[in-house]
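The structure appears right after this line, and notes come after that.
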There are 2 protein chains.
Amino acid sequence: MNETSGTAAAQPTERIPAAERREQILAAASVVFGERGYSGATTDQVAKVAGISQPYVVRMFGTKENLFLEVLARALERLVAGFRQIIAEPREHGDDEMELLAARLGGAYVDLIEDRGILLSLMQAFISGHNPVVGAKARAGFLEIYRMLRDEAGFPPDAIRGFLADGMLFNTLLAIRLPDIFDEDPDAEELMRCTFRGKLDLVLGATAAEAAADA
Amino acid sequence: MNETSGTAAAQPTERIPAAERREQILAAASVVFGERGYSGATTDQVAKVAGISQPYVVRMFGTKENLFLEVLARALERLVAGFRQIIAEPREHGDDEMELLAARLGGAYVDLIEDRGILLSLMQAFISGHNPVVGAKARAGFLEIYRMLRDEAGFPPDAIRGFLADGMLFNTLLAIRLPDIFDEDPDAEELMRCTFRGKLDLVLGATAAEAAADA
DNA sequence: GTCTATAGAGCGATAGAC
DNA sequence: GTCTATCGCTCTATAGAC
């Protein structure tokens with residue numbers, strides 16, 4: 001079953017197609033950038049999570065900045081595609097048509113940012129407004145969502161503001177890991193409940209699953 | 001008027017009391033941490049903005065982490081104190097009492113985050129949930145605001161959620177520097193207007209002033 | 001397709017003079 | 001109260017073997 005060597009040294013990495021390896025690295029990078037931030041993350045940490053060597057990460061993407069930009073682009077693509085699909089779904093017309101659509105979009109958004117890598121990569125982009133490349137992508141992405149809600153979903157201005165605002169509050173409460181202190185401070189759960197309402201179970205399920213994965 | 005030397009070398013820094021120098025460093029650090037993030041900022045950049053040497057920054061605060069924590073604590077203090085003062089102000093009772101109070105608090109918040117250092121230091125803290133020290137401060141600070149709105153201002157749950165959500169959207173649109181592209185994309189201004197409504201002039205005034213200062 | 005080795009640059013922190 | 005000099009570490013990126 002074993003190689004001849006009995007040491008615990010790193011086993012030679014399996015040779016797999018570059019495209020597949022790319023995906024592995026992007027998945028790892030999403031996690032690491034999400035947790036440590038763009039500057040705080042190192043290509044070596046990404047490499048370790050992906051199970052390969054640090055120079056190979058660099059080789060694959062040229063620079064650390066390119067790698068981050070691709071992670072960000074993927075997150076934005078998933079967000080836009082997810083929303084567009086829901087908006088395109090057939091829906092019954094009625095007084096609460098807009099509320100129903102907003103609830104569906106909100107649910108899809110919470111689903112998406114349950115992936116902490118996606119959540120924090122997006123937030124990293126938000127605070128990189130000063131960076132010409134990342135900042136431009138963040139502005140363009142935000143405006144694309146705005147146009148989609150206005151033109152494709154047909155939301156009136158106040159509904160757009162309410163929807164986007166709720167989303168940014170979701171981001172923040174999940175980013176600061178409010179569920180981590182539910183047992184230390186009952187107000188933490190109260191605030192989460194008041195913010196997420198029906199969506200809370202969704203969020204807590206994901207949080208619990210992540211905690212279990214950590215252990 | 002001049003020293004004997006005619007070179008353009010850095011002039012010897014004026015000797016000023018430590019407490020005053022501390023404030024200068026904190027002000028510089030707020031700007032630098034805000035723009036570059038905790039990991040992206042260097043103590044040398046802070047020192048240059050403050051007009052002193054890099055080792056002096058470290059000597060004053062022990063470590064870079066301590067310096068960031070103090071910047072964050074100052075921002076939270078200003079926020080909490082500002083809100084508390086407005087809530088304590090006498091107000092006429094009536095149907096729109098809560099709306100009026102919310103509008104005043106919102107205005108104060110926009111005033112505060114016009115200071116880009118404060119805005120981005122807060123947002124830096126939000127995405128540092130994984131960091132035991134910074135993350136704990138972020139959670140505690142957010143819950144303090146929540147309790148203030150619930151117990152001191154007397155807001156009902158939906159008003160709290162709406163207020164906090166609007167604030168987080170303010171944060172995001174300012175952080176990504178949406179006003180920077182008003183002339184490239186008219187939707188940018190439309191989104192800002194739909195979000196900030198009456199407060200827009202406040203925001204744009206500050207943005208214009210900052211742009212002028214940069215040049 | 002993947003690794004080891006290492007160059008080259010930057011950064012936080014310390015030591016010690018003035 | 002403030003600086004200069006510098007150590008030692010970490011990190012990105014390159015070179016080149018397999």
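A note on names: the letters A, B, ... follow the listed sequences, proteins ahead of strands, and every chain is numbered from 1. A quick note: this is a predicted structure, and the numbers were derived from the prediction, not measured.
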DNA chain D nearest-nucleotide lookup for A:Ala41 and B:Pro17: closer to the 5′ end is B:Pro17
Grab the [atom1]-[atom2] distance between [X] and [N] for me, whole Å please.
X: B:Phe68; N: C:dG12; atom1: CZ; atom2: P; value: 14 Å
X: B:Asp44; N: D:dT6; atom1: CG; atom2: C1'; value: 14 Å
X: A:Leu67; N: D:dC11; atom1: CG; atom2: C1'; value: 15 Å
X: A:Arg22; N: C:dT2; atom1: CZ; atom2: P; value: 13 Å

Should A:Glu35 and A:Arg177 count as an ion pair when the cut-off is N to O under 4.0 Å?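 Result for this pair is yes, salt bridge flagged.
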Tell me whether A:Arg147 is salt-bridged to B:Asp185, with the criterion being a basic N under 4.0 Å from an acidic carboxylate O. yes
By nearest heavy atom, map B:Arg15 and B:Ser39 onto DNA chain C; which one lands nearer the 5' end?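 Checking each residue's closest nucleotide, the 5'-ward one belongs to B:Ser39.
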Who pairs with B:Ala27 by side chain to side chain contact (heavy atoms under 4.5 Å, CB included), at least two apart in sequence or on another chain? none
When rounded to the nearest 0.5 angstrom, what is the spacing between CE in B:Met123 and CZ in B:Arg116? 9.5 Å
Nearest 0.5 Å, please: how far is CG in A:Leu169 from CG in B:Leu164?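 Taking CG in B:Leu164 and CG in A:Leu169, the distance rounds to 6.0 Å.
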Can you sort out the partners of A:Tyr56 under ring-ring contact (aromatic ring centres under 6.0 Å, His included), two or more places apart, ordered by chain and number? none
Determine: side-chain N/O of B:Arg21 to OP1/OP2 of D:dT2, distance under 4.0 Å, yes or no.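 Yes, B:Arg21 has a side-chain N/O under 4.0 Å of OP1/OP2 on D:dT2.
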For DNA chain D, which residues of residues 48-64 of chain B approach it to below 4.0 angstrom with any heavy atom?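 Heavy-atom cutoff 4.0 Å gives B:Ile52, B:Ser53, B:Pro55, B:Tyr56, B:Arg59.
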